[in-house]
Amino acid sequence: ERFFGSSLHSPLRHFSETQLPARHYITVTAQAGGYSIDFNGENSAEGLSYDRAIMRFLALLNEATVRESKYLMVHAGAVARSGRVLAFPGRKRSGKSTVVAAFLSGRFSYVTDEAVGIEPNTGKVIAYPKPLWLTDTSLELLGVDHREVPTHIEGRLKSPVLPEVLHGAVAHNDLVLQNIIFLENTNDDQTLLPVSPAETALRLLRHSFNRSKEPEAWFHLVSEVVRE
């Protein structure tokens, strides 16, 4: 039987340990029909293969993190250079992870492929360096051999890929949001169109996971960030 925890060490290596009390519990149980996963004592999934159980575990961990963060968490990929962040807000399947991965080979550092954290008091960007989730198709487009991915998952599911595999390093603190490119799911020709500051602020809020937590404070925060 494969040890589940060993496959999580690599994807979570860029997160530091904490002495804070746990707020959530994810339990993984190996059963005859596959793996069962409980979140805070309630069943989340069962009958999962080993690979699907890994992805479900990481998805639950990610969801709890972004929705309960003390930062405004914008659904976006992001890279940085010299402390200046280029963010790519977008919905699911808009290509955030693939775009971020492509930038990492161009001497940009990795901020996130999922959620850009904005500190409420300073407006600074907080890195959320979870593994990039990339399909085999994206890996092929990026010229990455899937054998280089420690936790590779065959087929249509995405695999968690560390930025080092893509020749990128994780960005450190003191990050400032400099530019924003909104990614849209469309079959039309891809063109860059300007967006007004007011529309940018509204879109950032719409793309935020936890905007309902403090809507008035978050509105003022994104307005200041866009103005700067």
Side-chain angles (χ1 to χ4, degrees), residues 4-5 7-18 20-29 34-78 87-101 110-120 125-135 138 149 151 153 155-163 170 182-183 185 203-215 217-218 221-222:
F4 192 84
S7 294
L8 296 174
H9 176 73
S10 178
L12 300 177
R13 64 183 295 181
H14 289 300
F15 292 95
S16 58
E17 295 183 5
T18 178
L20 295 174
R23 298 179 62 183
H24 300 287
Y25 295 89
I26 304 176
T27 306
V28 181
T29 306
Y35 287 86
S36 172
I37 297 183
D38 292 351
F39 182 72
N40 291 337
E42 296 185 5
N43 182 256
S44 173
E46 57 187 13
L48 299 178
S49 67
Y50 185 84
D51 290 344
R52 287 183 179 272
I54 291 174
M55 297 307 290
R56 183 59 181 164
F57 180 96
L58 293 174
L60 287 171
L61 184 62
N62 177 69
E63 182 177 351
T65 300
V66 299
R67 295 196 181 280
E68 297 189 21
S69 174
K70 64 181 179 181
Y71 309 117
L72 175 64
M73 301 297 279
V74 179
H75 194 191
F88 305 96
R91 297 182 178 87
K92 288 184 177 180
R93 299 182 180 89
S94 60
K96 297 185 298 298
S97 298
T98 305
V99 169
V100 167
Y110 179 56
V111 177
T112 185
D113 78 330
E114 175 73 10
V116 173
I118 302 179
E119 210 283 330
V125 170
I126 306 299
Y128 179 49
K130 60 173 286 295
L132 294 91
W133 284 9
L134 298 170
T135 62
S138 292
V149 180
T151 316
I153 298 175
R156 297 180 61 188
L157 290 173
K158 296 180 179 181
S159 296
V161 181
L162 293 173
V170 173
F182 291 98
L183 301 180
N185 301 52
R203 288 194 185 189
L204 288 176
L205 284 177
R206 284 199 296 265
H207 282 292
S208 300
F209 290 102
N210 54 349
R211 61 181 177 273
S212 61
K213 193 174 182 180
E214 297 184 59
W218 292 150
L221 175 61
V222 294

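Predicted model, so just to flag it, every value in this text is computed and none were measured.
Distance check, rounded to the nearest 0.5 Å: CD of E63 to OG of S44 gives 8.5 Å. From L205, atom CG reaches atom CG of L72 across 6.5 Å, with rounding to the nearest 0.5 Å. Here the OG-CE distance, from S49 to M55, works out to 11.0 Å after rounding to the nearest 0.5 Å. Rounded to the nearest 0.5 angstrom, L204 CG and R211 CZ are separated by 11.5 Å. For the atom pair NE2 (H207) and CZ (F88), the distance works out to 13.5 Å, reported to the nearest 0.5 Å. Rounding to the nearest 0.5 angstrom, the gap separating the CG atom in L12 from the NZ atom in K130 is 10.5 Å.
Between Y35 and Y50, the two ring planes are perpendicular [angle over 60°; tilted spans 30° to 60°].
Counting all heavy atoms, side chain and backbone alike, M73 lies closest to G117 at SD-CA, 3.6 Å. Closest of all the heavy-atom pairs between P131 and P160 is CB-CB, 3.7 Å. When all heavy atoms are compared, the tightest approach of G77 to K96 is N-CD, 3.7 Å. Summarising the geometry of A76 relative to T112, their closest heavy-atom pair is O-CG2, 3.5 Å, with the distance given to 0.1 Å. The two residues H75 and R91 come nearest to each other via the heavy atoms CE1-C, 4.1 Å. Closest of all the heavy-atom pairs between F209 and E114 is CZ-OE2, 3.4 Å.
Residues passing the side-chain hydrogen bond (donor to acceptor under 3.5 Å, both in side chains) test with R206, sequence neighbours excluded: E199. By the side chain to side chain contact (heavy atoms under 4.5 Å, CB included) test, P163 pairs with H14, L104, Y110, L132, V170, sequence neighbours left out.
The closest side-chain heavy-atom distance from P120 to Y71 is below 4.5 Å.
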Exercise. List the steps, then state whether side-chain contact (heavy atoms from CB on, under 4.5 Å) holds for T135 with T98.
Key: CA-CA 9 Å; T135 62; T98 305; 5.9 Å; no
Practice problem: Verify ring-ring contact (aromatic ring centres under 6.0 Å, His included) between F57 and F39, making sure each step is shown before the conclusion. | Solution: CA-CA 9 Å; F57 180 96; F39 182 72; 9.8 Å; no
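Judged by distance alone, with hydrogens and angles left aside, the side-chain atoms of S69 form no donor-acceptor pair with the main-chain N or O of T65 at under 3.5 Å. Using a distance-only test at 3.5 Å, with no hydrogens or angles considered, a donor-acceptor pair links the side chain of W218 to the main chain of N210.
Between the side chains of D113 and S97, at least one donor-acceptor pair of N or O atoms lies under 3.5 Å. Under the 3.5 Å distance criterion, with hydrogens and angles disregarded, a donor-acceptor pair is assigned to the side chains of N43 and S36.
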